[in-house]
Amino acid sequence: QVQLVESGGGLVQAGGSLRLSCAPSGRTFNTYTMGWFRQAPGKEREFVASISRSGDSTYYADSVKGRFTISRGNAKNTVYLQMNSLKPEDTAVYYCAGPQRFGGTYYDEGTYVYWGQGTQVTVSS
């Protein structure tokens with residue numbers, strides 16, 4: 001009934017930019033806290049960024065702070081991740097997740113109800 005679809009991934013050289021999109025679909029449309037996570041080959045999934053329902057509260061992993069920006073669309077459904085100054089270590093499958101359960105910590109992936117299939121981001125040297 002609820003589906004999260006990521007798009008915007010691809011191959012980019014170090015220092016370049018990409019913008020990822022997450023579009024909720026189905027009978028229910030999410031307007032609550034949403035997040036982005038990523039998983040690199042051979043590593044565990046890690047938190048990247050999250051945004052509140054109103055869009056006035058955002059959180060970022062230290063590794064992407066100052067380079068990535070999470071935002072919401074006008075309808076508060078689509079969620080974006082603007083990725084600038086990309087580094088080879090940013091290479092991973094990026095996942096959209098949400099909504100977050102009430103009272104959940106922004107970086108706790110266990111509190112996000114639905115997950116997308118992921119979109120591949122590859123940054124070359």
Non-hydrogen side-chain atoms of [X] and [Y] separated by less than 4.5 Å:
| X | Y | answer |
| --- | --- | --- |
| T69 | T58 | no |
| L20 | W36 | yes |
| V64 | R38 | yes |

Looking at every heavy atom in both [X] and [Y], which two are closest together, and how far apart are they?
| X | Y | result |
| --- | --- | --- |
| L81 | A49 | CD1-CB, 4.2 Å |
| I70 | V79 | CG1-CG1, 3.9 Å |
| M34 | C22 | CE-SG, 4.3 Å |
| R72 | I51 | NH2-O, 3.6 Å |

**Study point:** ILVMFWY clustering at 4.5 Å (side-chain atoms), partners of Y59
**Key:**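 Cluster partners of Y59: F37, F47, V93, Y95, Y106, Y107, Y112, W115.
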**Study point:** Over 12 non-hydrogen atoms of neighbours within 6.0 angstrom of CD in E89
**Key:**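 Yes, the 6.0 Å shell around CD holds more than 12 heavy atoms from other groups.
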Can a donor-acceptor pair be found, under 3.5 Å and without considering hydrogens, that links the side chain of [X] to the backbone of [Y]?
| X | Y | answer |
| --- | --- | --- |
| E6 | Q117 | yes |
| T111 | G104 | no |
| T91 | V123 | yes |

Check your understanding: Rounded to the nearest 0.5 Å, how far apart are CD of Q82 and OG of S71?
Key ->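 OG of S71 is found 8.0 Å from CD of Q82.
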Practice item. Could you note down all residue pairs passing side-chain hydrogen bond (donor to acceptor under 3.5 Å, both in side chains) where residues 7-21 supplies at least one of them, sequence neighbours left out? Key: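 Passing the test, one end in residues 7-21: S17-N84.
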Practice item. Before accepting this row, confirm whether a basic side-chain N of the pair D90/K87 lies closer than 4.0 Å to the acidic partner's carboxylate O. Key: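 Between K87 and D90 there is no salt bridge, as every charged N stays at least 4.0 Å from the carboxylate O atoms.
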Exercise for review: Among T119, L11, T122, L86, find the one that has a side chain to side chain contact (heavy atoms under 4.5 Å, CB included) with L18.
Suggested key: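 Of the listed options, the one satisfying the test is L86.
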**Study point:** Connected via hydrophobic side-chain network under 4.5 Å: L4 and V113
**Key:**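 Yes, L4 connects to V113 through the hydrophobic network.
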Check your understanding: What about V12 and Y94, same hydrophobic cluster or not, with Ile/Leu/Val/Met/Phe/Trp/Tyr joined at side-chain heavy-atom distances under 4.5 Å?
Key ->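 Yes.
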Point to revise | Under the side-chain contact (heavy atoms from CB on, under 4.5 Å) test, residues paired with V5 that sit two or more places apart | key: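 So V5 forms a side-chain contact (heavy atoms from CB on, under 4.5 Å) with Q3.
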